[in-house]
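See below for the structure under consideration.
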Amino acid sequence: THDQCIYHRLIIPSNTQNKARQQLVSLMNLFHDQKAVIAFTWLAGSLLKVFTGFWPHLIISAHSGSGKTTLIETLHHLTGVLAIEPSELETSFRRMRILGNHLYPVLLDECSRADHKDLADFLNILNVSYRHALRHHGKENVYLLAAPVAMIGQDAPDNDAAFISKIIQFDLDDSKG
């Protein structure tokens, strides 16, 4: 059914070219080194996954107060991309629904606040969704797991070698080294 996809009611924001230009200029000025543009480029490029068959996930780490939420809000206003909270990773159904039956990117805000087991289970699904895979949940639900995910938080998950090979990672405020 249509409600198996978190984007079943998505309306892509629309505006004049001049307004879009203004928003992109503000995005460029949001952080030094145009790091917000890197996130936007990853997001826009992720739409190529339908042609390439894979797309890396993105991890953005930064300290509290560095503008992570501002970046998420800006990307949402520009593209309609959804931001999810760590509480949405609590069940296998929710994890599958987040990634299932669409190729539009998803932002996981404050990933470092997620329960360790829930996050580990989510990372396992992300390993699969780097390309795509069909997974069954229950008797009738089948999910195509394919959505690229940007995980944003103070700490990045970095203990899974298989996952690390499928990500792009950068530090938003250059405080992590």
How would you list, by chain and number, every residue that makes a salt bridge (charged side-chain N to carboxylate O under 4.0 Å, His left out) with [X], sequence neighbours excluded?
X	answer
E90	R94
D109	none
R135	none

Measuring from atom [atom1] of [X] to atom [atom2] of [Y], what distance do you get when rounded to the nearest 0.5 angstrom?
X	Y	atom1	atom2	answer
M151	I59	CE	CD1	4.0 Å
K117	F122	NZ	CZ	14.0 Å
L82	L75	CG	CG	12.0 Å
T91	D118	OG1	CG	8.5 Å
I38	F170	CD1	CZ	5.0 Å
L107	L43	CG	CG	6.5 Å

Nearest atoms (heavy-atom pairs only) where [X] meets [Y]:
X	Y	value
I168	P56	CD1-CG, 3.6 Å
P148	S46	CG-CB, 3.7 Å
A146	H132	CB-CB, 3.8 Å

Handout entry: side chain to side chain contact (heavy atoms under 4.5 Å, CB included) evaluation trace for L126 with L99
Key = CA-CA 8 Å; L126 289 182; L99 299 176; 3.8 Å; yes
Exercise for the section: Determine yes or no for a side-chain-to-main-chain donor-acceptor pair under 3.5 angstrom, with H76 supplying the side chain and V81 the backbone. Expected result: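 Yes; judged by distance alone, with no hydrogens or angles, the pair exists.
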Practice task
Check the pair T74, F40 against side chain to side chain contact (heavy atoms under 4.5 Å, CB included), reporting the backbone distance first and the verdict last.
Solution key: CA-CA 9 Å; T74 303; F40 178 77; over 6 Å; no
With side chains defined as the heavy atoms from C-beta onward, is the minimum distance between [X] and [Y] less than 4.5 Å?
X	Y	answer
I152	I72	yes
P105	T79	no
I60	L71	yes

Exercise for the section: Identify whether the distance between the nearest side-chain nitrogen and carboxylate oxygen of K35 and D171 falls below 4.0 Å. Expected result: no
Exercise for the section: Tell me, please, which residues at least two apart from T41 pass side chain to side chain donor-acceptor pair (under 3.5 Å). Expected result: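 Not a single residue meets the side chain to side chain donor-acceptor pair (under 3.5 Å) criterion with T41.
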Handout entry: Common cluster, V128/V106, ILVMFWY with side-chain heavy-atom separation under 4.5 Å
Key =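 No; V106 is not reachable from V128 via cluster members.
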Exercise for the section: Only counting residues at least two apart or in another chain, list the ones meeting ring pair (Phe, Tyr, Trp, His ring centres under 6.0 Å) with Y130. Expected result: F54
Practice task
Give every residue pair that meets the salt bridge (charged side-chain N to carboxylate O under 4.0 Å, His left out) criterion with at least one member in residues 47-73, sequence neighbours excluded.
Solution key: none
Practice task
Please test S66 against Q154 for side chain to side chain contact (heavy atoms under 4.5 Å, CB included), starting from the C-alpha separation and ending with a verdict.
Solution key: CA-CA 10 Å; S66 62; Q154 291 185 35; over 6 Å; no
Problem - Test side chain to side chain contact (heavy atoms under 4.5 Å, CB included) applied to L89 and D121, step by step - result: CA-CA 9 Å; L89 303 179; D121 291 345; over 6 Å; no
